[in-house]
Amino acid sequence: MKTNIYLASLLAAGVLSLTSCEDFLTENDPNHIVAEHFFSTENDVERAVNGAYMALRSGSCMGEGSTLYTEERSDNAGRWDNQSSAGEPFQFTDFSLLASNTYLKGHWTAMFETINNANFAIKGAEEITYAVEADRNNDIAEARFVRALVYFDIVRKWGDAPLVTEYLSTPDQIEAHTYREDKALIYDQIVQDLKFGLEQSTLPNHQDEGGKGRANKAAMAGLLGKVYLTMAHVLDDGKETEYLNSAKTYLEQCYGMKTFGRLNEISFDPDASNGVFNVGNKSACPEILFQIVYRQGDRDYHSSIAADTQPGGETTNSLYATQGVPSLRVTPDLVKEYETSDNGFAWTDSRYDCSVGYSTNQNCYYVKKYRDKSEAAGTLGYGGNDWIILRYADVILMLAEVNEALGNDNDAIDYLNEVRERAGVPDYETAMLNSAYSSKYSDLKTAILHERRVELAFENQRWYDLLRFFTPSELVDYMHSKDQEDYNISNLQNFTETDIYYPIPYDEWLLNPEGMYQNEGY
């Protein structure tokens, strides 16, 4: 980890001062106080916790720009330019990723910087005296939530990885942790971190509007359910049913915490006043469990996703006069997934027009899901979209998935239908009577995967879904069976079992070739 974690330890002193989501984005440099002397009050710990949240929002970590590392790895979207500066990003789409890729290294570095910032906050919370002891656990729970969230991304992308649960500030400490741990130990740590928040904190089930962007118990339960669901498919330890039942328990716990009735009470349409993607509703929407906060109109802390996903000549997403083709392009393969008349259906999924547009100017499909045409965002495109990490539609479809895996088909179908109801499409039983549907989604498991794809497109979920629904060999067959014409110059035949995991960045491997052993095939 070398400089990566060392730089993170230096950056941890540059934490933030905040009490609400807006304050995440107000930088306050405490004069680079030496870490060992930084903590004396509860406010110091709170600033350190905010440093972890701030690191999380980087596009090189898990912010809106992280689609390069996740969504563009899937069959939903990608880069269609492999020239000049686009060459390295194109490697993610083309399954030609090199261990020397500088974007890959940047992603690795940002992830471990965020983890070390979280560890820094935990260190402070454990050291100082609190007026109310419960507040100590709440600060620790928030930091451990961030750590768990990032490690969950790391373990799914790299498998075995360095496991760092203490703040590192010296070269000797860093060197002592420069080796990979078995992925099972990382999953165990993620589970411990999330259970701590659920069982030992007094954090609310949901944050109020002023606290959006902070950890809460509903998000912890939903994320823990997703972790167990993933463990059931990737850990070969004979505990699949145990993990599935644990996933069901925590997903049901999360579902029971929702503050609305059925999902169709909240619109999917970004232009609807109560829409889950409506930029004006982002702090009030009860469907969102956890989001990374951006500030509308702010030069430094705005969201760029509305402007960046809009092709030149279009005005769907932003007032910004975009030029040329967006780097993130929607694959025709995804377009063919939606239940529309063009695809042979007698009905139209309302999510299609809300999510995907076609530019005749640039001759490409593009993302319409993220929009901000407000005066505050203006012609500079300084949007206010938050980046959604977890929302209830995801949880509901995971409940369908886990119940199907456990043989509870009726329950699985009920959850599936709740999501389809909002989309304005027939329920599963009716849809199966239609040949266009039943021929493509011949069983319940395939139908759930389909539903997750169209519901959660461009939210960094599809790649992880593919890893969870298929074995490595099955996923190779699945990707190779697709029509190459739907992927432009990205070569689907490049995809092999090697691509299940990313390579360890070359510089990291070089530090300790034995302890930082490279993933197979790189």
Side-chain angles (χ1 to χ4, degrees), residues 1 3-63 65-66 106-128 130 135-151 153-154 164-170 173-174 193 197 201 203 207 210-216 290-295 298 300-301 386-387 389:
M1 262 163 286
T3 328
N4 299 355
I5 291 180
Y6 185 61
L7 285 177
S9 68
L10 296 179
L11 290 171
V15 290
L16 312 176
S17 174
L18 81 164
T19 54
S20 72
C21 64
E22 287 296 309
D23 293 323
F24 288 161
L25 309 180
T26 304
E27 196 162 357
N28 180 21
D29 181 356
N31 298 316
H32 301 291
I33 300 170
V34 177
E36 285 70 18
H37 306 292
F38 181 81
F39 296 103
S40 59
T41 69
E42 294 178 35
N43 184 62
D44 295 332
V45 177
E46 187 175 10
R47 293 162 70 197
V49 171
N50 297 332
Y53 284 123
M54 188 65 176
L56 188 68
R57 75 183 293 278
S58 165
S60 293
C61 187
M62 291 185 66
S66 63
H107 189 38
W108 172 280
T109 301
M111 301 286 256
F112 279 102
E113 284 178 355
T114 305
I115 287 169
N116 211 40
N117 279 13
N119 289 340
F120 182 67
I122 294 167
K123 168 184 166 67
E126 292 174 343
E127 289 178 351
I128 71 161
Y130 278 75
D135 292 341
R136 182 196 311 275
N137 280 356
N138 288 347
D139 284 340
I140 292 174
E142 287 195 70
R144 291 184 72 165
F145 174 80
V146 172
R147 185 170 71 185
L149 187 64
V150 176
Y151 257 125
D153 250 27
I154 287 172
V164 186
T165 58
E166 61 185 85
Y167 172 66
L168 306 182
S169 60
T170 70
Q173 290 173 338
I174 294 163
D193 282 347
S201 81
L203 292 174
Q207 294 284 357
K212 293 300 181 182
R214 304 194 73 99
N216 58 79
F290 183 73
Q291 66 229 66
I292 296 175
V293 175
Y294 292 84
R295 179 182 286 171
D298 191 288
D300 297 316
Y301 301 120
D386 285 353
W387 183 245
I389 299 294

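Numbers here are sequence positions counted from 1.
- Qualifying side-chain contact (heavy atoms from CB on, under 4.5 Å) partners for E42, counting only residues two or more places apart in sequence or in other chains: I128, Y130, A131, D135.
- Across G106 and S60, no two heavy atoms sit closer than the pair O-CB, 4.0 Å.
- Using bins of under 30°, 30° to 60° and over 60° for the plane-to-plane angle, the ring pair F112/Y151 lands in the perpendicular bin.
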* N117 and M54: CA distance, side-chain angles, deciding distance, side-chain contact (heavy atoms from CB on, under 4.5 Å) verdict -> CA-CA 9 Å; N117 279 13; M54 188 65 176; over 6 Å; no
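- A donor-acceptor pair under 3.5 Å links the side-chain atoms of D386 to the main chain of Y294, judged by distance alone.
- Between the side chain of Y53 and the backbone N or O of V146 there is no donor-acceptor pair closer than 3.5 Å.
- Between A143 and A118 the shortest heavy-atom distance is O-CB, 3.5 Å.
- Using a 4.5 Å cut-off on side-chain heavy atoms (C-beta onward), Y167 and I122 make no contact.
- Side chain of Y301 to backbone of V293: no donor-acceptor contact under 3.5 angstrom is found.
- For the pair E166 (side chain) and N119 (backbone), a donor-acceptor distance under 3.5 Å is absent.
- Taking CD1 of I154 as the reference point, atom OG1 of T114 lies at 8.5 Å (rounded to 0.5 Å).
- Smallest separation of non-hydrogen atoms from M111 and M62: SD-CG, 4.3 Å.
- The side-chain contact (heavy atoms from CB on, under 4.5 Å) check on T41 picks up N43, D44, with sequence neighbours excluded.
- Checked against salt bridge (charged side-chain N to carboxylate O under 4.0 Å, His left out), D139 has no partners two or more places apart in sequence or in another chain.
- Rounding to the nearest 0.5 Å places CZ of R214 at 4.0 Å from CD of E142.
- The main-chain N or O of A125 is found under 3.5 Å from a side-chain atom of R136 such that the two form a donor-acceptor pair.
- Residues passing the side-chain contact (heavy atoms from CB on, under 4.5 Å) test with A141, sequence neighbours excluded: F196, S201, L203, M220.
- Atom CG of L56 is separated from atom CD of E113 by 12.5 Å, given to the nearest 0.5 angstrom.
- Nearest heavy-atom pair, D298 versus D300, reported as atom, atom and distance to 0.1 Å: OD1-N, 2.8 Å.
- Residues satisfying the ring-ring contact (aromatic ring centres under 6.0 Å, His included) test with F290, not counting sequence neighbours, are F145.
- Interatomic distance, NZ of K123 versus CZ of F38, reported as 12.0 Å (0.5 Å rounding).
- In plain terms, the two heavy atoms of V164 and I115 that are nearest each other are O-CG2, 3.7 Å.
- Here the shortest heavy-atom pairing between C61 and A55 reads CB-O, 3.6 Å.
- Residues passing the side chain to side chain donor-acceptor pair (under 3.5 Å) test with S66, sequence neighbours excluded: N460.
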